[in-house]
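Some notes on the structure that comes next.
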Amino acid sequence: MSASPDVLTSQAVEPAEAKHLPGDLAMWFFILVELAAFGLLFASFAIARFLEPEAFAAGAETIHAGAGLANTLVLLTGSFFVARAVTAIRAGGVERCVNWLWAGVASGVVYAVIKFSEYGQLIGDGYNLRSGTFYFFYFFTTFFHLMHVVLGMIILVAVALRCRRGLYSAADHRGVETGASYWHMVDLVWLVLFPIVYVLL
Amino acid sequence: MKYKSQAVAKPYFVFALILFVGQIVFGLILGTQYVIGDFLFPAIPFNVARMVHTNLLIVWLLFGFMGATYYLVPEESQRELHSPLLAWVLFWVFAAAGTLTIIGYLAVPYAKLAEITGNHLLPTMGREFLEQPTITKIGIVVVALGFLYNVGLTVLKGRKTVVNIVLMTGLVGLAVFFLFAFYNPSALTLDKYFWWWVVHLWVEGVWELILASILAFVLIKTTGVDREVIEKWLYVIIAMALISGIIGTGHHYFYIGAPEYWLWLGSVFSALEPLPFFMMMLFAINMVRRRRRNHPNRAATTWAIGCAVMAFLGAGVWGFLHTLAPVNYYTHGSQLTAAHGHLAFFGAYAMIVMAIISYAMPLMRGRVANNAQAQKLEIASCWLMSIGMLLITLFLTGAGVHQVMLQRWPESGEALAFMATHDALAGWFWARLAAGGLFTLGLIAYLVSFFVPQREVAPTEDAEAQTAAA
Amino acid sequence: MNRLTAIWIGLLVLTVASYVLGHGMSGAWLPLTVLALAAVKGQLVIDHFMELAHAPRLFRYAVSGWLFGVLGLMAVFETVV
Amino acid sequence: MSERFTKSMARNIYYGGSAFFILLFLGLTFDTVTALPERDNRDQLTEEVARGKEVWEVNNCVGCHSLMGEGAYFAPELANVFDRRGGADEATFKTYLKGWMMAQPIPAPGRRKMPQFHLTDQEINDLAEFLIWTSRIDDNNWPPNIEG
């Protein structure tokens, strides 16, 4: 399986007309349930903040917004890499697809490193899951999300390895789409989490 | 019946139903004690009757699950059971241990039973649902290990279907989580925290895997829908069950001393718990709609659909009703808890066992299905029991709401005391007892349906041809 | 420049903009603006990265509905608090 | 092209999703177990309290009563009985509990009956200590009022 020549433009292979759900339907059930879980967490966050506005305002002072900003940029970039991987495989570019996928994994690593240094600082300052409702939400929601990033990385690695073994092609690349869909969901959740936790408070 | 060894399921089913009758008898006693406080006192105090009622429930469901496993594993694996003899031996061991334990509960005071069985050596008794003497608990572990060995080898050596694998993970989980019954620290909150690993992770975790796989088996057999379709839905549904149910354990950690964050965690994740039950209901109804053939055993289909619907109502709707922490603050440990418990256990677990019994018993008795008359009676019994249980649930819900209004909602000083509140609830409890009577009628009709004479008995060959076609 | 690259750069710019807004300025309109920016970013991801613009409508509605639902709820709480 | 909804993907989600949530639950359990000694005043969990819990267990008290809302709902909640019947005073409560246990079963026709358990003075004292210790566990302010 080698990359087919670039005579096929990415436009040509994109399923513009027919309705197409990228990836496996089973994954989409999972994505919808995950979104529901995050949605309930965000709603709870809003309620908790409504109940204890001062504690939330004080808590927000102690977290590091710069790290949140950096991580948003990293995740958006990771999402972009993985979207490029899908485009690549649609054009038959197996090798390019694998490279973009690894780039996506790398963005996840950078994200995790930033996240852990952020946790390290806060824990060093004496905060943890039980330092009040604000810190519970901060630690739990971001850690829950971080675990999703890690799961997304595991999925991307699995997809990249399978892709390298030549299991995906321009004709059959649903596995790449499935992994990419999960990864973008993780990004989407962060796009909501970022303003709520890091910007608004 | 395709394989001879499937027949070992029969004694398990028969004994399960005998214990079921016992459970209901004690349920009626309890219902009566709720309105006539000294009924049968001191011969059978309330705590003894309740212990018998709940323990019989657990044990008859376990017998039902084991019978279901022995019936469906050989058929799914396409080979005989590894050791039918072991299955028989374990049947007698478990039945004897169970019977002795119940006799122990009834014959001597509980403290005496604890002393006789050496509870002080490894204290595990006296906790809700885990009242069994330590030695009985050890017996349960031994039976479970033998059972898993027997069934596990059969699955390993045979065809590995999704139904088989999901059932096995459920059964292994059941055995593993039961081990927490032996952990009983002095620190009460710690004790309660891990107690739920047995109770919640059973009924809202691994038992759901067992339920879903038995349901899938019955649906594959009775609807003729492509196995592939049923199996992938089975995976999705149980995935949802575990995703929501594992952290959903948190709804039990609100008010027993665990950290405050469980109020949020338990509320968020248990709000998702109705989802798998909703999917299961849609799934069962859909599969029956899309059926490729009309299986002659309509009663089994009725039980299967009934199970999915009642499980959704009992576990899904009635669970959600009081699962959010601010609501649960007032309803925790009230009659509402009892309402939810009754409908959830009946809908999800009692009914799935009756569904597999309904499907398998006629086959083990040499016919594809019972005759029309027997099935009519059986279907009527399903409706009677379901309506009886729904009424029990509704009356207990009424009692629960009324109890909260009188006892929990008002400030200290204005709130009614527990006993006075219960006196005020007597009307609800009388109605509940009457509904229990209706349920009992349903149970009697169900048992009678096994003895309806079969005039046009289908020959065994036909039965096998029918099953083979599935 | 290809479409994905343009969208990626747009997302980065919007992110920095919302951060600068949130930390450099104040005003009653600010939280709503930040939430609106998040909605735009989310919808871009949904349409172009997740490719739900071309997916069966049910899925696009479900995911976009989630996005606007959550952000809308936040906006309600922002104006109430 | 492969099928849109595949069994292998459904299976991966079952295994992956379960493993994910089991790990998360284990992490939370670790944090909870770490936090408990402070919430339940582990340093005040004396020999008497531990023996009292055994008295509670071997007499199957949970078969009628509830403790922190768990158990049967046939008789009153007891996690706050120390406050309700003892006025949060240890001596008062112990006197009350002893009198109560001796008086059972109360001969009132039709009333719910509590059996006579024939507890020794020491057992009653241990039970009282257990209930007093229990009443002091931080259970997020439950029950809503003194009646439990």
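Proteins get letters first, then strands, A, B, ... in listed order; numbering begins at 1 in each.
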**Message:** Quiz question: by atom type and distance under 3.5 Å, do the side chains of B:N184 and D:E57 form a donor-acceptor pair?
**Reply:** yes
**Side-chain donor-acceptor pair present, B:W262, D:T32, cut-off under 3.5 Å** = yes
Examine whether an atom of [X] lies under 4.5 Å from a heavy atom of chain D, and if so say whether it belongs to the side chain, the backbone or both; otherwise answer neither.
| X | result |
| --- | --- |
| B:E131 | side chain |
| B:L234 | neither |
| B:Y110 | both |
| B:L30 | neither |
| B:V229 | neither |
| B:T169 | side chain |
| B:F429 | side chain |
| B:L40 | neither |
| B:T124 | neither |
| B:P185 | backbone |
| B:R408 | both |

**Request:** Report the option among D:I22, D:L28, D:V33 that has the most heavy-atom pairs separated by less than 4.5 Å from atoms of chain B.
**Result:** D:L28
**Message:** As an exercise: rank D:S8, D:G17, D:C64 by heavy-atom pairs under 4.5 Å with chain B and give me the winner.
**Reply:**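 The answer is D:C64.
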Could you check whether any side-chain heavy atom of [X] comes within less than 4.5 Å of a side-chain heavy atom of [Y], counting everything from C-beta outward?
| X | Y | result |
| --- | --- | --- |
| D:F21 | B:I247 | yes |
| B:D191 | D:K53 | yes |
| B:I246 | D:F20 | no |
| B:K232 | D:F5 | yes |
| D:F25 | B:L201 | yes |

Hey, could you give me the [atom1]/[atom2] distance between [X] and [Y], rounded to the nearest 0.5 Å?
| X | Y | atom1 | atom2 | value |
| --- | --- | --- | --- | --- |
| B:S186 | D:E54 | OG | CD | 7.0 Å |
| B:F46 | D:N60 | CZ | CG | 10.5 Å |
| B:F418 | D:R84 | CZ | CZ | 9.5 Å |
| D:K7 | B:E228 | NZ | CD | 4.0 Å |

Tell me, out of [options], who's got the most heavy-atom pairs with chain D below 4.5 Å.
| options | result |
| --- | --- |
| B:T337, B:D423, B:I36 | B:T337 |
| B:A114, B:P45, B:S412, B:G413 | B:S412 |
| B:K192, B:R127, B:M51 | B:K192 |
| B:V236, B:L265, B:N119, B:T189 | B:T189 |
| B:Y261, B:W195, B:F254, B:Y253 | B:Y261 |
| B:F129, B:Y34, B:F269 | B:Y34 |

With chain B as the partner chain, list the residues of [range] whose heavy atoms fall under 4.5 Å from it, by residue number, and write 'none' if nothing qualifies.
| range | value |
| --- | --- |
| residues 67-77 of chain D | D:L67, D:M68, D:G69, D:E70, D:G71, D:A72, D:Y73, D:F74, D:A75, D:P76 |
| residues 94-105 of chain D | D:P105 |
| residues 137-148 of chain D | D:I137, D:D138, D:D139, D:N140, D:N141, D:W142, D:P143, D:P144, D:N145, D:I146, D:E147, D:G148 |
| residues 115-127 of chain D | D:P115 |

Is it the side chain or the backbone of [X] that comes within 4.5 Å of chain B heavy atoms, both, or neither?
| X | answer |
| --- | --- |
| D:F130 | side chain |
| D:T29 | both |
| D:R111 | both |
| D:L26 | side chain |
| D:L45 | side chain |
| D:M114 | backbone |
| D:T134 | side chain |
| D:A50 | both |

**Prompt:** Quick check: does any side chain N or O of D:R39 sit under 3.5 Å from a backbone N or O of B:A258, one acting as donor and the other as acceptor?
**Reply:** yes
Nearest heavy-atom neighbours spanning [X] and [Y]:
| X | Y | value |
| --- | --- | --- |
| B:D38 | D:G110 | OD2-N, 2.8 Å |
| B:A111 | D:N59 | CB-OD1, 3.6 Å |
| B:A239 | D:I13 | CB-CG2, 4.1 Å |

**Asked** Counting heavy atoms not belonging to B:E260, are there more than 12 under 6.0 Å from its CD?
**Response**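 Counting neighbours around CD of B:E260, 12 or fewer heavy atoms of other residues, nucleotides or ligands fall under 6.0 Å, so no.
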**Request:** Could you tell me whether B:K160 atom NZ has more than 12 heavy atoms of other residues or ligands within 6.0 Å of it?
**Result:**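 Atom NZ in B:K160 is crowded, with more than 12 foreign heavy atoms closer than 6.0 Å.
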**Request:** Applying side-chain contact (heavy atoms from CB on, under 4.5 Å), run through B:L242 and D:Y14 and close with a yes or a no.
**Result:** CA-CA 8 Å; B:L242 293 185; D:Y14 167 53; 3.7 Å; yes
